[in-house]
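Take a look at the structure below.
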Number of protein chains: 2
Amino acid sequence: MLKLSAATADGREQIVGLLYPADFVGRPFAEEAEHSVTALTDVELCVFPRKPFEAALENHVRMERLLLRRTLAALDEARARMLMLGRKTAEEKVASFLLDMAHHLGGPRQPGETSFDLPLTRAQIADVLGLTIETVSRQMTKLKRDGLIGLPSGRVVTIRDRRALQERAEAA
Amino acid sequence: MLKLSAATADGREQIVGLLYPADFVGRPFAEEAEHSVTALTDVELCVFPRKPFEAALENHVRMERLLLRRTLAALDEARARMLMLGRKTAEEKVASFLLDMAHHLGGPRQPGETSFDLPLTRAQIADVLGLTIETVSRQMTKLKRDGLIGLPSGRVVTIRDRRALQERAEAA
DNA sequence: CGGGGAGTTGATCACCATCAACATCAGTGG
DNA sequence: CCACTGATGTTGATGGTGATCAACTCCCCG
């Protein structure tokens, strides 16, 4: 898993995207990358030199089409995240985030509880949500106190009541 | 000019994109649109039925390539806006917004002052920046008091000191 | 046993939201 | 011509959410 992040001149950081296995990272047709890329777990990357890659896009229509589809999907995701950053409360942000992670990392879609291991530190979660570490921590313990999730240890999260969690995440 | 917006279930709105003349709007390869589109000014749209449009993309490589480039640019812009929404203060948001508008609407890049007419109401500016109308209004009057901008009337804005405004916008 | 990073919890503060009153202006109809 | 209305914008008072500052715990690893 990778994080894609941007930062202000004075060091404030915002994670603008999370990349899962089989995702694409890079910015064809631009001189310079605008974001920094950081590995959150051990990672195996398949690297292509820019020029040959762009040439391949030109020569293989299907490849270009695939990239277009992925880019459109990434744009949708980015916009959903804009709604979250601009208009959701801290609790809604944390709840949405946990549901997102469960969706990507959760085992088979079981009816009962789901558990997974967060690949992010609290600080990184804060950078995804536009919050501080302390606020993230407080919201997580609140969700735990209310019985919606379990926090057995460090990075492990258990979704106890997905329905209720979705209600706290509000919006789409 | 058009606005592209998303909303939470309980009605909070976030503008996720602004479209200028010659821009593209639409979501090929998806069943349903995720956002609502609203005209901010009188607008002339060139509409294509989905199926023929997608077919045209398949048959005209150059067209598909153009759309890919535009989509990548839109993604960059969306991510820049995520940094703004998540990590900037109200003053920084308003300053960045005004610079953005000046960039798009301002006349020729003169050394002196630039003036333009905001196509957005305060409420819409607030929805772009993830703020409330009142906060937007207050920040604008503060920038005016400090001599960085002028607000001759209603929607008209004059950039008096671009340099200083850029400093208040901080980040990239 | 010591050290450092990660996470939690508490106390306080500041920024921005909220609520409310008022100002301004364009459009409408008396 | 002017009062009336509604939409838009400004300004003020107050409060709450989340940031900040700080202390402490827990682990992992030396």
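Chain letters run A, B, ... following the sequence lines, proteins first and then strands; every chain starts at 1. Worth knowing before you read on, the calculation uses all heavy atoms, side chains too, and leaves out hydrogens, waters and symmetry mates.
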Please report, rounded to the nearest Å, how far the [atom2] atom of [N] is from the [atom1] atom of [X].
{"X": "A:Lys144", "N": "C:dT8", "atom1": "NZ", "atom2": "C1'", "value": "10 Å"}
{"X": "B:Arg122", "N": "C:dA23", "atom1": "CZ", "atom2": "P", "value": "18 Å"}
{"X": "B:Glu91", "N": "C:dA14", "atom1": "CD", "atom2": "P", "value": "17 Å"}
{"X": "B:Gln124", "N": "D:dG9", "atom1": "CD", "atom2": "P", "value": "9 Å"}
{"X": "B:Leu131", "N": "D:dT17", "atom1": "CG", "atom2": "P", "value": "18 Å"}
{"X": "B:Leu151", "N": "D:dT8", "atom1": "CG", "atom2": "P", "value": "18 Å"}
{"X": "B:Met140", "N": "D:dT11", "atom1": "CE", "atom2": "C1'", "value": "15 Å"}
{"X": "A:Arg12", "N": "D:dA19", "atom1": "CZ", "atom2": "P", "value": "13 Å"}

* Asked: More 5' along DNA chain C: B:Ala90 or A:Thr141, using each one's nearest nucleotide?
  -> A:Thr141
* Have B:Lys88 and A:Thr8 got a donor and an acceptor in their side chains that come within less than 3.5 Å? -> no
* To do: Say whether B:Glu113 and B:Thr158, considering side chains only, have a donor N or O and an acceptor N or O under 3.5 Å apart.
  => no
* Asked: Within 45° of the ring axis of B:Phe29 and under 6.0 Å from its six-membered ring centre, is that where the NZ or CZ of A:Arg69 lies?
  -> yes
* Look at all strands and tell whether B:Ile133 reaches a base, only sugar-phosphate, or nothing, counting heavy atoms closer than 4.0 Å. => nothing
* Indicate, with a heavy-atom threshold strictly under 4.0 Å, whether A:Thr132 touches base, sugar-phosphate, or nothing. => base
* Without swapping roles, check the side chain of A:Thr71 against the backbone of A:Leu67 for a donor-acceptor pair under 3.5 Å. => yes
* To do: For the pair A:Arg50 (side chain) and A:Glu31 (backbone), establish whether a donor and an acceptor sit closer than 3.5 Å, ignoring hydrogens and angles.
  => no
* Asked: With nearest nucleotides of DNA chain D determined for B:Ala123 and B:Arg87 from heavy-atom distances, which residue corresponds to the more 5′ nucleotide?
  -> B:Ala123
Dump the pairs, protein N or O against N or O of nucleotides 12-15 of chain D, anything under 3.5 Å, distances to one decimal.
from   : atom 1 : to       : atom 2 : distance (Å)
D:dG12 : N7     : B:Arg138 : NH1    : 2.8
D:dG12 : O6     : B:Arg138 : NH2    : 3.1
D:dA13 : N6     : B:Arg138 : NH2    : 3.4

* Considering just the side-chain nitrogens and oxygens of B:Thr89, establish if one lies under 4.0 Å of OP1 or OP2 belonging to C:dC15. => no
* Asked: Any side-chain N or O of A:Thr135 less than 4.0 Å from the OP1 or OP2 oxygen of D:dG18?
  -> no
* Residues forming a salt bridge (Lys or Arg N to Asp or Glu O under 4.0 Å) with B:Arg79, sequence neighbours excluded -> none
* **Residue A:Arg155, side-chain heavy atoms: nucleotide from C:dT9, D:dT10, C:dA6 that is nearest** => C:dA6
Would you tabulate the side-chain donor-acceptor contacts of residues 121-128 of chain A under 3.5 Å, counting partners in other chains and residues two or more places apart, or write 'none'?
from     : atom 1 : to       : atom 2 : distance (Å)
A:Thr121 : OG1    : A:Ala123 : N      : 3.3
A:Thr121 : OG1    : A:Gln124 : N      : 3.1
A:Gln124 : OE1    : A:Thr121 : N      : 3.0
A:Asp127 : OD1    : B:Arg87  : NH2    : 3.0

